[in-house]
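What follows is a short report on a single structure.
Naming convention: chains lettered A, B, ... in sequence-line order (proteins, then strands); numbering from 1 in each chain.
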Amino acid sequence: MVNFDKVTFEYIRRDEEGNVESINKALDEIDLDVKKGDFIAILGANGSGKSTLARHINALLTPTEGTVYIEGLDSKDEDNHLKIRQKTGMVFQNPDNQIIASLVEEDVGFGPENIGVPTKEIWERVAFALDKVGMTAYREKSPNNLSGGQKQRVAIAGILAMKPECIVLDEPTAMLDPKGRREVIETITELNKNEDITIILITHYMTEVIGADKIFVMNKGNIKLSGTPREIFKEVDLLKEYQLDVPQVTEIAHRLRQKGMNLPECVLTVDELVEALATGDRG
Amino acid sequence: MSLILDKINYYYGKGTAFETAALKNISLTIPDGEFIGLIGHTGSGKSTLIQHMNGLIKADSGSIYFNGQDIYDKDFKMTELRRKVGLVFQYPEHQLFEATVIKDVLYGPTNMGLDKLKAEVLAYGSLRAVGISEDLLDASPFELSGGQKRRVAIAGILAMNPEILILDEPTAGLDPMGRFEILNLLKAIHEAKGITVILVSHSMEDVAEFAERLIVIDDGEIKYDDEPRKVFAHAEDLRKMGLEVPQCTELMGRLADRGLDVDRNCLTIDEAVESILNGNRRK
Amino acid sequence: MLRDLTIGQYYPVESVIHRLDPRTKFLGTIIFIVALFLFKTFWGFLLAGGFIVSIIALAKLPPKYVLKGMRPIIFLLLFMMIFNLLLTPGEVIGEWWIFSVTKEGIYSALFMGLRLIMLVLGSSIMTYTTTPNNLTSGMESVFGFLKVFKVPVHELAMMVSIALRFIPILMEETNKIMKAQQARGADFETGGPIKRAKALIPILVPLFVSAFRRAGELAEAMEARCYHGGDGRTKMKPLKYHKRDLVAYLVLVGIVVGEIFIP
């Protein structure tokens with residue numbers, strides 16, 4: 001449902017006279033193909049181009065060269081922008097700076113209002129969306145009194161109420177505490193499973209992406225690695241080169257293997273490693 | 001040289017209908033030269049607590065002694081306390097304001113009434129300590145990268161030559177490499193200058209690896225104040241407080257439960273690998 | 001201190017005043033303010049005062065909360081009252097240095113003070129009982145006729161609504177920046193006016209930077225949620241007059257008539 005065809009994006013800085021001062025290639029001939037219902041994770045150090053990529057999926061940015069198709073809609077055509085944004089919602093890092101209204105329910109209703117949904121249906125959609133993220137009890141509260149995790153769930157509900165096919169989340173957990181992080185990840189995992197919504201998650205927390213269907217690793221505007229979490233996280237050393245990390249258990253298993261222990265090639269969860277060590281033949 | 005908090009109580013909205021206890025009967029001793037981790041979920045009272053330590057918030061009851069002096073005494077010099085107990089707020093880069101990096105770092109020492117030469121020596125020294133190269137001294141702080149901005153902001157506090165350095169989530173929002181750099185920087189400063197570091201963090205992995213002592217605060221009360229090893233033995237209790245244990249501690253606990261001959265209190269990847277290999281050898 | 005600023009902040013409870021149409025409350029506030037300048041006697045004041053007290057009671061607003069919201073106007077109030085007290089000519093009842101206090105001055109100061117208090121009370125009741133979104137859609141509708149003259153009414157209303165949402169956030173931010181600079185030895189309390197003004201720079205610069213960053217991020221978030229101005233927009237809470245609004249208008253007309261005819 002999301003297709004990138006040799007997408008290049010350049011930030012061009014100009015001086016006062018309008019002459020080009022510097023060109024920064026944030027995306028460099030990116031090809032990307034995301035299928036409906038997938039849970040995709042994008043990893044990369046700061047400045048690797050992840051956020052720029054995310055903004056292309058929502059038509060907030062359009063390619064300098066190449067083409068982005070969202071369900072066949074070309075993002076270069078401005079007439080498609082509203083349709084694209086309705087299909088692919090976006091959740092940002094700072095929970096405060098994406099909540100527009102002073103009441104939770106009014107904020108969730110903001111998107112549907114913008115796309116001209118009839119009043120009665122807005123209420124139905126708001127009720128549905130708040131229920132899906134478990135925030136119904138807060139519908140008449142002010143967002144200012146919510147925790148970070150709750151605010152992000154409201155932001156997700158605001159997207160859900162637009163009946164999207166896909167939600168892009170740009171480091172939604174970076175400003176949250178462990179509990180808030182868990183809330184957000186559980187919420188999107190359920191939406192992916194139960195509502196068949198495509199999830200594209202950008203994060204710095206490696207443990208959040210082990211359940212993904214596919215991971216893309218970005219570095220300097222390129223996609224360097226792509227594959228299942230198991231395929232990605234076995235590249236412990238390569239990931240470190242891209243200034244990334246692996247989950248602690250993955251690293252422990254990796255080092256134990258280097259010391260000659262007989263373990264599966266890539267371990268992702270505590271459960272797996274416990275099973276492997278407790279029952280398996282340990283060389 | 002020490003900071004002693006004695007039965008500190010503090011209320012939000014004192015005297016109104018919304019009055020709630022933010023800190024309840026907190027007693028703490030911070031001796032010289034420790035590396036302390038402070039954890040608790042958002043709203044647990046961590047930020048309120050650290051602001052008591054440099055006198056930005058005044059307790060409703062209880063006393064605080066800095067090097068034996070009562071800081072609530074009339075003739076106690078609060079500026080002296082603020083200089084000696086450096087507090088780095090969350091997202092400290094948001095407080096940068098000067099035209100150049102060096103000027104911004106000089107703000108603190110100049111306020112403290114140091115003469116120009118001495119202030120400059122401190123400012124240059126702390127910028128070097130945080131790894132900001134000399135060619136950036138005259139750059140605008142607003143043009144630096146996120147990680148650099150944060151290091152400049154930390155240098156701004158370091159330049160006051162504090163005896164105690166408190167940091168509120170200094171790694172929030174950084175990528176894995178950025179986190180690693182900041183934490184190692186703190187460790188180096190701690191070791192080189194022997195100053196006390198209090199690290200407020202949402203990352204259990206970070207405090208497990210770097211702190212010698214771990215304080216857990218929940219609902220305005222100190223729940224644990226002990227070696228990280230002992231605190232993380234209470235996994236269940238920590239989870240109830242919205243916290244976690246490091247993934248490797250969880251792994252080792254589970255392995256020990258399954259009857260493997262390993263140390264269940266491992267805190268770091270190195271320790272875990274070592275312990276599993278040893279257990280394996282003994283077998 | 002900044003946290004205590006309650007003026008302008010929606011107070012969420014269920015009441016008949018909260019349920020009134022925002023247009024009723026907006027126009028009602030204007031009508032009430034007009035009425036305030038009509039009374040000249042104690043009885044007129046009693047009518048207006050009684051009205052405002054009943055509205056506060058009907059709106060289930062805690063009196064303490066409402067009074068706290070009045071704090072920011074105390075200086076303005078005192079200034080106006082003293083000004084009126086000392087500068088109104090008439091029957092002199094006391095003199096001090098170059099000032100003289102007149103009977104008319106006392107009356108004038110008293111009524112001016114009461115008017116100002118009730119004016120602020122009246123308009124703050126409107127903001128206490130109306131969510132910013134509702135308030136702005138009320139204003140949008142009341143001023144809707146200006147669209148004919150190409151005034152971007154919807155956009156202005158949206159701006160007001162967002163400003164109201166971000167007031168508490170920016171207040172908190174100011175507080176935080178102040179503390180952070182204090183931690184770096186900043187001193188906002190001592191020194192002459194120039195030194196004090198200079199001491200504000202380390203607060204104002206980060207505050208502006210942050211406000212612009214927030215504005216940018218918010219604009220992006222709004223755009224991502226298909227915001228494209230007022231065209232083709234529907235409303236989750238469309239405005240609809242009910243019987244209670246008619247009652248409210250009748251009461252207001254009653255007040256105005258009362259203020260005109262009460263001796």
Cation-pi check for Tyr241(C) against Arg23(C): NZ or CZ below 6.0 Å from the six-membered ring centre and within 45 degrees of the axis, yes or no? yes
Quick one: does any side-chain atom of Gln86(A) pair with a main-chain N or O of Ile115(A) as donor and acceptor, under 3.5 Å? no
Using modelled atom types and a 3.5 Å cut-off, is there a donor and acceptor pairing between side-chain atoms of Ser124(C) and backbone atoms of Val120(C)? yes
Evaluate the salt bridge (Lys or Arg N to Asp or Glu O under 4.0 Å) criterion for residues Glu113(A) and Lys235(C): first the C-alpha distance (whole Å), next the side-chain angles of each, then the deciding distance (0.1 Å), finally the verdict. CA-CA 6 Å; Glu113(A) 286 183 333; Lys235(C) 285 196 185 298; over 6 Å; no
Do you know which of Lys120(A), Lys141(A), Glu140(A), Glu105(A) has the most heavy-atom pairs under 4.5 Å to chain C? Glu105(A)
Are Phe26(C) and Phe143(C) an aromatic pair by the rule of ring centers under 6.0 Å? yes
So which part of Pro112(A) gets closer than 4.5 Å to some heavy atom of chain C, the side chain, the backbone, both or neither? backbone
Neighbourhood of chain C inside residues 60-81 of chain A, taking heavy atoms under 4.5 Å as contact: Leu60(A)
Looking at every heavy atom in both Glu173(C) and Ser210(C), which two are closest together, and how far apart are they? OE2-OG, 2.5 Å
Could you check Leu27(A), Leu43(A), Ile42(A) and say which one makes a side-chain contact (heavy atoms from CB on, under 4.5 Å) with Lys50(A)? Ile42(A)
Counting only heavy atoms closer than 4.5 Å, note whether Val126(A) contacts chain C via side chain, backbone, both or neither. side chain
For the pair Asn114(A) (side chain) and Phe110(A) (backbone), establish whether a donor and an acceptor sit closer than 3.5 Å, ignoring hydrogens and angles. yes
What part of Ile84(A) gets within 4.5 angstrom of chain C, counting heavy atoms only: side chain, backbone, both, or neither? neither
Indicate the atoms forming the closest heavy-atom contact of Gln181(C) with Pro202(C), along with that distance. NE2-O, 2.8 Å
Which pairs pass side chain to side chain donor-acceptor pair (under 3.5 Å) with one or both residues in residues 87-98 of chain A, sequence neighbours excluded? Gln93(A)-Glu171(A), Asp96(A)-Lys151(A), Asn97(A)-Arg214(C), Asn97(A)-Glu217(C), Gln98(A)-Gln152(A)
Under the side-chain hydrogen bond (donor to acceptor under 3.5 Å, both in side chains) test, residues paired with Asp187(C) that sit two or more places apart: Thr190(C)
Minimum heavy-atom distance Val184(A)-Gly149(A), with the two atoms named: CG2-O, 4.2 Å
Chain C-proximal positions within residues 195-204 of chain A [heavy-atom distance under 4.5 Å]: none
Specify which of Ala221(C), Gly229(C), Cys226(C) makes the most heavy-atom pairs with chain A at under 4.5 Å. Cys226(C)
Using a cut-off of under 4.5 Å on heavy-atom pairs, state which of Ile122(A), Asn144(A), Ile99(A) scores highest against chain C. Ile99(A)
Could you tell me whether Arg125(A) and Glu121(A) have a side-chain N and a carboxylate O separated by less than 4.0 Å? yes
Which atoms of Asp107(A) come close to chain C, meaning under 4.5 Å heavy atom to heavy atom: side chain ones, backbone ones, both, or neither? both
Please look at Arg55(A) and chain C and tell me whether the side chain, the backbone, both or neither of the residue comes under 4.5 angstrom of a heavy atom of that chain. side chain
I need the minimum non-hydrogen distance between Ala157(A) and Val133(A), along with the two atoms involved. CB-CG2, 3.8 Å
Tell me, for Leu103(A) versus chain C, whether the close heavy atoms (under 4.5 Å) come from the side chain, the backbone, both or neither. side chain
Side chain from CB out, backbone as N, CA, C, O: work out which of these in Phe92(A) comes under 4.5 Å of a heavy atom of chain C, or both, or neither. side chain
With a 4.5 angstrom heavy-atom cut-off, could you sort out which part of Ile169(C) is near chain A: side chain, backbone, both or neither? side chain
N-O pairing of Glu223(C) and Arg85(A) below 4.0 Å: yes
